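Please read the structure below before turning to the comments.
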Amino acid sequence: MKVSFENPDKVNGKMTIVVEENDYKDEVEKALKSYRKRANVPGFRQGQAPMSMIKRQFGASVKMDAINKLVGDNIYKYVQDNKIQMLGQPLPAKEQEPQDLEKEAPYTFNFDIAVAPEFKAELTSKDKIDYYTIDVDDKLVDRQVDMFAQRAGKYEKAEDYQKNDMLKGDLRELNEDGTAKEDGIVVEGAVMMPEYIKVEDQKKLFDGAKLGDVITFNPRNAYPDNDTEISSLLKIKKEEVAEHTGNFSYQITEISRFTKAEVNQELFDGVYGKDEVKDEKDFRKKIAEGMAEQFKTDSDYKFLLDLRNYMAEKIGKLQFPDELLKRVMVLNNKERGEEFVNAHYDESIKQLQWQLTRDQLAKANDIKVEEADVKATAKEQARVQFAQYGMQNVPEEYLENYANELLKKQENVNSLVDQTIDMKLVAAVKKVVKLNEKSVSLDDFNKLVEAK
């Protein structure tokens with residue numbers, strides 16, 4: 001077999017593979033013998049059918065499979081042995097002539113191969129990149145304390161309606177004269193929060209209402225653009241809403257008022273575990289420490305975005321085999337088509353350039369990802385997820401179980417590997433470059449991230 005490769009412009013590769021009969025003959029014979037052993041041919045005992053008959057029946061497909069495998073294996077072997085950084089998969093060359101495998105060898109196969117552009121991504125102490133630290137001030141701690149108090153709060157019964165109270169009552173559809181409509185809609189125990197009524201004059205009907213009061217209001221007018229809300233309230237199908245545009249009576253049977261939890265030992269224990277925090281001062285201190293640690297992840301993420309932009313400017317625009325890459329992308333997005341590929345091509349190339357850059361930086365910093373690293377990333381993701389729901393002292397076994405569930409799906413594993421590389425890369429680069437450290441408020445930090 002002969003394999004040759006041309007790459008005159010450095011990014012558009014041409015590979016030619018010439019296959020001789022001796023290259024595949026032994027594999028074909030071996031496969032046909034295996035077929036013969038298993039074949040049940042009428043008139044012959046199993047494994048005793050004439051080889052000529054087996055060749056006639058299976059020879060063409062066996063030969064094709066053997067040649068396809070041989071060509072595929074040799075493409076990737078050549079690419080690996082010659083350290084060619086191939087982008088995507090090899091494609092049959094446009095000028096490839098159909099090979100008639102019924103004719104005698106040799107057979108010639110031509111492939112187009114997209115090759116990554118040559119460039120060098122490197123960082124030294126002379127490179128300077130911004131690093132933003134988020135200030136954990138009293139305002140932020142106050143907000144977090146309030147959030148914990150809200151989450152630990154509860155509904156209590158009340159006698160009169162106030163803003164944000166939740167009502168429960170009996171709904172009855174009315175005639176135009178205000179009497180109960182015969183066979184009209186009746187909903188017992190209908191739940192309402194008048195504060196969320198969109199129209200002000202309908203919302204005011206509930207002001208000062210007391211337990212047992214009957215309010216007459218119009219659901220259609222209260223929620224003029226929300227048939228879903230009306231259908232949910234009246235317990236009817238969305239399509240039936242248009243048939244019920246009149247007034248309804250609502251007799252209040254229950255008023256529930258949400259009360260935040262007090263900032264006391266019970267709240268401290270609920271957030272951090274029993275007796276982990278003794279007073280409000282320690283509570284606020286622990287909150288501040290936790291937020292600062294959490295914000296490090298956000299700061300590192302912002303640094304990664306800035307690193308990516310910094311490297312893009314430092315390296316400049318690279319030459320890619322655009323036409324060939326678009327063919328590869330169209331092949332990988334058959335259901336979306338060429339128009340989709342063209343519309344997203346520039347963004348795909350930016351992502352590809354960063355991927356190649358990241359690979360070089362990771363190699364330069366000797367970054368390796370072990371199974372334990374990926375597991376640790378999964379557990380950290382679990383920890384962050386629980387923290388968002390106010391659960392700060394999650395037992396290790398819960399984190400372990402969450403991580404194990406994530407790792408059962410390959411797409412999650414791929415994502416976690418990427419996250420792990422990013423985390424290790426950020427840690428390594430921060431030690432190499434000069435950090436232009438800036439302290440900002442959370443609001444300003446969020447604006448910076450959104451701008452990116």
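Because the structure is a prediction, the values reported are computed rather than measured.
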Taking the inter-plane angle between the rings of Tyr250 and Phe206 on a 0 to 90° scale, is it parallel (under 30°), tilted (30 to 60°) or perpendicular (over 60°)?
perpendicular
Grab the two heavy atoms, one from Leu407 and one from Val413, that are nearest each other, plus how far apart they are.
O-CG2, 3.5 Å
Plane angle bin for Tyr155 and Phe258 - parallel if under 30°, tilted between 30 and 60°, otherwise perpendicular
perpendicular
Any sub-3.5 Å donor-acceptor pair from Asp279's side-chain atoms to Lys281's backbone N or O?
yes
Do other residues, nucleotides or ligands put more than 12 heavy atoms under 6.0 Å from the CD atom of Gln162?
yes
Inter-residue atom distance Lys14.NZ - Asp9.CG, 0.5 Å rounding
10.0 Å
With a 4.0 Å cut-off on N to O distance, would you call Lys69 and Glu27 a salt bridge?
no
Tell me whether Asp127 contacts the main-chain N or O of Val433 through its side chain, where contact means a donor paired with an acceptor under 3.5 Å.
no
So, taking the atom named CG in Asp138 and the one named CG in Leu140, what distance separates them when rounded to the nearest 0.5 Å?
9.5 Å
According to the interplanar angle, ranging from 0 to 90°, do the rings of Phe5 and Tyr78 count as parallel (below 30°), tilted (30 to 60°) or perpendicular (above 60°)?
tilted
Run Lys375 and Asn404 through side-chain hydrogen bond (donor to acceptor under 3.5 Å, both in side chains) and show every step you take.
CA-CA 8 Å; Lys375 181 73 169 284; Asn404 289 337; 3.3 Å; yes
Report the C-alpha separation of Lys447 and Glu450 in whole Å, then their side-chain angles, then the decisive distance to 0.1 Å, and conclude whether the salt bridge (Lys or Arg N to Asp or Glu O under 4.0 Å) test is met.
CA-CA 5 Å; Lys447 289 175 184 177; Glu450 288 168 9; over 6 Å; no
Leu70 backbone acceptor or donor facing Asn74 side chain under 3.5 Å:
yes
Do Gln144 and Met291 have side-chain heavy atoms sitting under 4.5 Å apart?
yes
Closer than 3.5 angstrom, by distance alone: can the side chain of Arg358 be matched with the main-chain N or O of Arg308 as a donor-acceptor pair?
no
Salt bridge between Asp160 and Arg257, side-chain N to carboxylate O under 4.0 Å?
yes
Above 12 or not: heavy atoms from other molecules or residues under 6.0 Å from CD of Glu323?
no
Please confirm whether the backbone N or O of Tyr161 pairs with a side-chain atom of Asp165, one donor and one acceptor, at under 3.5 Å?
no
Note: Lys368-Asp373 ion pair, threshold 4.0 Å (strictly below):
no
In terms of heavy-atom contacts, Asn12 and Pro321 come closest through OD1-CB, 3.3 Å
